[in-house]
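Heads up, the thing below is written out as structure tokens.
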Amino acid sequence: MMRHLISAADLTRDDAVQILDTAEEMARVADRPIKKLPTLRGRTICNLFFEDSTRTRISFEAAEKRLSADVINFAAKGSSVSKGESLKDTAQTLEAMGVDAVVIRHGASGAPYRLATSGWIDAPVINAGDGTHQHPTQALLDAFTMRRRLVGRDAGLGQDLAGKRVTIVGDVLHSRVARSNVDLLHTLGAEVTLVAPPTLVPVGVEHWPCEVSYDLDSVLTKSDAVMMLRVQRERMNAAFFPTEREYSRRYGLDGDRMARMPEHAIVMHPGPMVRGMEITAEVADSDRCTVVEQVANGVSIRMAVLYLLLGGNESQSTRTEEK
């Protein structure tokens with residue numbers, strides 16, 4: 001494994017499959033009465049969140065605690081960041097405190113890369129979402145969920161998603177989840193199609209390893225997984241579609257559209273969902289919807305990433321000291 005996890009595009013097929021297989025082992029811990037492993041005992045991990053988060057922050061914290069790490073939670077609101085402190089000064093403060101890893105979410109694309117390569121801190125950096133750029137652990141948990149549902153828990157070990165057809169629908173322009181999934185799913189051999197209004201398709205998308213369609217109904221019948229994306233109004237500075245009703249009519253997933261999907265196909269959503277907009281309550285509450293599974297799988301994936309990054313570093317440093 002590499003030292004940092006900044007982008008899903010940095011992962012090779014073997015890296016990704018190793019993480020998915022390790023997550024399968026970690027998932028078994030959740031079935032135990034005591035959901036703890038001593039792997040990272042004595043290691044300190046800081047969750048550095050400059051943006052609001054519920055699922056990702058709690059998921060990382062749960063993963064860290066299940067691996068017995070000491071956890072420091074940092075939120076920009078109420079910290080010295082609100083007084084004007086820079087990312088560099090915050091990082092050097094953490095370095096002085098001796099943290100062993102940093103999980104960072106930031107509104108500026110590229111902030112985790114800057115933190116990892118600047119020399120401000122000597123610790124592995126995990127990107128928990130940066131602007132509209134990347135969210136690698138979300139892509140990994142999505143791939144993990146697909147492999148479990150479409151290939152099988154035991155049958156999926158060591159396998160990728162070759163030949164699986166995945167459709168990602170919605171606000172692709174502002175979505176770090178879409179970018180990360182396109183990168184990772186392509187690496188794992190899946191065929192990805194993006195579906196969105198022309199105004200919500202990024203410039204340069206023709207260079208991405210995926211297809212683009214503007215007609216949701218035409219791709220549903222041949223999709224193994226359909227991932228719905230939230231319209232990110234907080235990142236919008238213009239009107240990208242006429243009305244919510246118009247958007248929902250053309251790009252929302254309802255019961256009728258779900259019925260046209262193959263019987264084995266699943267519906268995914270990275271959350272938070274806006275019921276009645278991109279997805280109806282009927283679809284969100286159906287057995288084919290994996291939203292709750294994705295949250296549970298997120299803990300297993302993040303345990304796997306932390307284990308491989310920190311556990312591997314620990315083993316390597318131990319071997320170096322022995323020599």
Legend entry - Arg149/Glu293 under salt bridge (Lys or Arg N to Asp or Glu O under 4.0 Å): CA gap, chis, key distance, verdict: CA-CA 10 Å; Arg149 278 288 195 113; Glu293 285 177 49; 2.5 Å; yes
Inset, instruction - Please name all residues satisfying ring-ring contact (aromatic ring centres under 6.0 Å, His included) with His133, sequence neighbours left out, ordered by chain then number. - result: none
Inset, instruction - Decide, yes or no, whether a salt bridge links Glu211 with Lys222 under the criterion of side-chain N to carboxylate O below 4.0 Å. - result: no
Legend entry - Any side-chain donor near an acceptor of the partner, Thr90 and Glu85, under 3.5 Å: yes
Legend entry - Donor-acceptor pair between Asp10 and Ser7 side chains, under 3.5 angstrom: no
Legend entry - same_hphob_cluster(Ile58, Leu141) at 4.5 Å side-chain heavy-atom cutoff: no
Legend entry - Met228-Leu150 co-clustered via ILVMFWY side chain contacts under 4.5 Å: yes
Inset, instruction - Validate the cation-pi geometry between Arg302 and Phe60: distance from NZ or CZ to the six-membered ring centre under 6.0 Å, angle to the ring axis within 45°. - result: yes
Inset, instruction - Please lay out, stage by stage, how Arg257 and Asp217 fare under the test salt bridge (Lys or Arg N to Asp or Glu O under 4.0 Å). - result: CA-CA 7 Å; Arg257 281 190 166 128; Asp217 294 311; 2.8 Å; yes
Inset, instruction - Could you pull out the closest heavy-atom pair between Ala23 and Ala304, with the gap in Å? - result: N-CB, 3.6 Å
Inset, instruction - Provide the closest heavy-atom pair for Arg105 versus Ser53 in the form atom of the first, atom of the second, distance. - result: NH1-CB, 3.3 Å
Legend entry - Polar side-chain atom of Ser68 near backbone of Leu37 as donor-acceptor pair, under 3.5 Å: yes
